[in-house]
Amino acid sequence: MTIERQQTTGGRRQESTIRSRWGIALPSAVCCLLSLPVMAETLTLQDALQRALRVNNTIERARAEANATDAGRKQLLSAVMPRITTTGAATRNSEEIAFGSGSDSRTILPRNDWNYRIVLSQPVFAGRRELRAYSQAKLGVANAREAERGTEDAILLRVASNYQAVVDANALIDVERKNIQLAESRRKQSQAFYEAGEVTKVDVLRADTAIKSAQRLMALAEQSRATAISVLRQDLDLEGEIQVVPPDRPLAALPPQSELEQHAMSSRPDVIAAQNNATIADLEVKKQRGFWLPTVTFDGGWVNQKSSFPASRYSYGALRFNIPLLQSGEVEARVAQAKEREKQAKLLLEDARVDAREDVRKALIDLHAAETALGFAREQLAAAEAEYQQSFELYRAQEATSLDVATSETSLADARRAVAEETLNRDLAALRVWYAAGDLKPALGLAETADGTQHTAGETK
């Protein structure tokens, strides 16, 4: 009732604003449209995942960083490519000097002088340092792409987790509605007994207390749902209310633990980045050793000038080299430092592989515990339902007290909540297993195309 009143007030306020601004009266149909509530957007899990990959700002920043790293690679490539430059000058001199006479006259300092030249410069050899720096840059681009993939996986895990949290909150709200119905049914029966003079007012008050308790827990469930939807809106760049649809298919079946561990230790983004970093460190050692080797460049040019000495037009080619003879231990220090960095990179690679393996093991432990808890919760629910049915029938027959019914009602309500909560825990634990193994996208039904974009498995392109 309050929401409808606020929406109607907002529509009237819009109508009044337009009337005062333009001095016109709106048709009644337009006024009705202004007062209509905003429709909630309905999302499936696949819709949410696809939208997150398209519009999430964190993913977009990771992609921009990868593109920037690739631009840096292209900049390094230009260092080994030929360069062509042109230079020129126009000069006004105070004197004009020449020697010779007649056809043998040569001007060596014109009063109005000008010249320009075109120069080609090409590195020939530099101890293979540029080649290794370019190889390092390519690995840096690969690391940026892996960081992008890791960011996508983290965002997909968060979106899927919050989506499941909304689904669970909806289920929990339904549970609390059922619990309210249980309490109302008991209150109705207690009220009938009280009016017949068979029980005291305490039974009715106890039922009222149970109703308010269920209503309070329902309000908390609605708060949890609103919080999950708020985070989902942030990740999906949406506004307004969101309605979710329970996933229509379960996650893919988990392979054996050894296969998951092997996949995590070889394919996770952080492990691949650590492998690339170890290779980069090895290249750095070789690059530093290259400073012992000579540097050779080739320069060629064409000159045109007003002065005829030594010639007004000529071209040249030059092979220039630089041979280091004594560097006072600078290169040795650089190589030693690079070797220590290489050792650190290899140790980090070992740590990354161990972390990946243990993450899979811990995620599987959590999943097994969640599945066990869910099984017990379902058994608890079956027992609680049977207990409640028996207690309520005995209460109707005046063979049990309201306290017995309240106890069984509380047990049934707790069992229903436990099933809803453990279902969420099981679903989230399964997602974390796939995330720990570095294989979340296929598990969620997302496939990667050749151009790097993702789409739903089975989707028509």
Side-chain angles (χ1 to χ4, degrees), residues 64-65 67-141 144 279-339 341:
E65 180 62 27
N67 293 335
T69 306
D70 188 58
R73 174 194 62 81
K74 296 176 181 178
Q75 179 182 357
L76 282 176
L77 179 62
S78 67
V80 298
M81 302 299 290
R83 294 174 180 268
I84 300 177
T85 59
T86 182
T87 59
T91 308
R92 171 72 176 180
N93 297 312
S94 60
E95 301 289 340
E96 181 172 324
I97 300 176
F99 66 88
S101 62
S103 60
D104 294 333
S105 177
R106 294 290 185 272
T107 302
I108 60 176
L109 182 65
R111 180 177 294 276
N112 297 316
D113 192 12
W114 55 266
N115 67 82
Y116 65 89
R117 65 180 59 200
I118 300 174
V119 179
L120 166 68
S121 179
Q122 171 65 59
V124 178
F125 181 77
R128 296 175 64 86
R129 296 193 300 271
E130 289 85 355
L131 177 62
R132 281 157 184 155
Y134 181 69
S135 298
Q136 288 176 322
K138 289 196 296 184
L139 290 172
V141 174
T279 306
I280 289 173
D282 178 66
L283 289 171
E284 184 65 22
V285 174
K286 296 176 181 178
K287 186 175 72 174
Q288 294 302 326
R289 286 174 177 165
F291 282 96
W292 277 316
L293 301 176
T295 301
V296 182
T297 58
F298 170 78
D299 292 336
W302 182 78
V303 181
N304 186 14
Q305 58 185 5
K306 183 176 182 181
S307 174
S308 57
F309 181 83
S312 59
R313 293 183 182 87
Y314 65 94
S315 59
Y316 67 90
L319 194 65
R320 310 182 193 278
F321 60 89
N322 185 320
I323 302 176
L325 298 179
L326 177 64
Q327 296 178 329
S328 300
E330 178 184 359
V331 177
E332 289 86 347
R334 287 181 177 178
V335 171
Q337 184 183 34
K339 286 183 177 179
R341 299 298 185 198

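- Residues satisfying the salt bridge (Lys or Arg N to Asp or Glu O under 4.0 Å) test with Lys286, not counting sequence neighbours, are Asp282.
- In this structure Asp299 satisfies the side-chain hydrogen bond (donor to acceptor under 3.5 Å, both in side chains) test together with Ser121, Arg320, sequence neighbours excluded.
- Every pair passing salt bridge (charged side-chain N to carboxylate O under 4.0 Å, His left out) that includes a residue from residues 287-298 is listed here, sequence neighbours excluded: Glu284-Lys287.
- Among residues two or more places apart in sequence or in another chain, the salt bridge (Lys or Arg N to Asp or Glu O under 4.0 Å) test is passed with Lys74 by Asp70.
- Applying the ring-ring contact (aromatic ring centres under 6.0 Å, His included) criterion to Phe321, with sequence neighbours excluded, gives no partner residue.
- Shortest non-hydrogen contact noted between Trp292 and Gln327 is CD1-OE1, 4.2 Å.
- Partners of Glu330 under the side-chain hydrogen bond (donor to acceptor under 3.5 Å, both in side chains) rule, at least two apart in sequence or in another chain, are Arg334.
- Of all heavy-atom pairs spanning Ala79 and Pro123, the tightest one is O-CG, 3.4 Å.
- Listed here is the closest heavy atom pair of Tyr316 and Val303: CE2-CG2, 4.2 Å.
- A search for side-chain contact (heavy atoms from CB on, under 4.5 Å) contacts involving Glu96 returns Thr107, Arg111, not counting sequence neighbours.
- Applying the side-chain hydrogen bond (donor to acceptor under 3.5 Å, both in side chains) rule to Tyr116 yields the partners Asn304; only residues at least two apart in sequence or on another chain are considered.
- By the side-chain contact (heavy atoms from CB on, under 4.5 Å) test, Ser135 is found to be paired with Leu283, residues two or more places apart in sequence or in another chain being considered.
- Here the side chain of Gln136 pairs a donor or acceptor atom with the backbone of Ile280 at under 3.5 angstrom.
- Sorted by first then second residue, the salt bridge (charged side-chain N to carboxylate O under 4.0 Å, His left out) pairs that include residues 120-135, not counting sequence neighbours, number zero.
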Side chains of residues 80-95: which donor-acceptor pairs under 3.5 Å do they make with residues two or more places apart or in other chains?
{"unit_1": "Thr86", "atom_1": "OG1", "unit_2": "Arg117", "atom_2": "O", "d": "3.2"}
{"unit_1": "Arg92", "atom_1": "NH1", "unit_2": "Asn112", "atom_2": "OD1", "d": "2.6"}
{"unit_1": "Asn93", "atom_1": "ND2", "unit_2": "Pro110", "atom_2": "O", "d": "2.6"}

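- Considering all non-hydrogen atoms of both residues, Phe291 and Pro324 come closest at O-CG, 3.5 Å.
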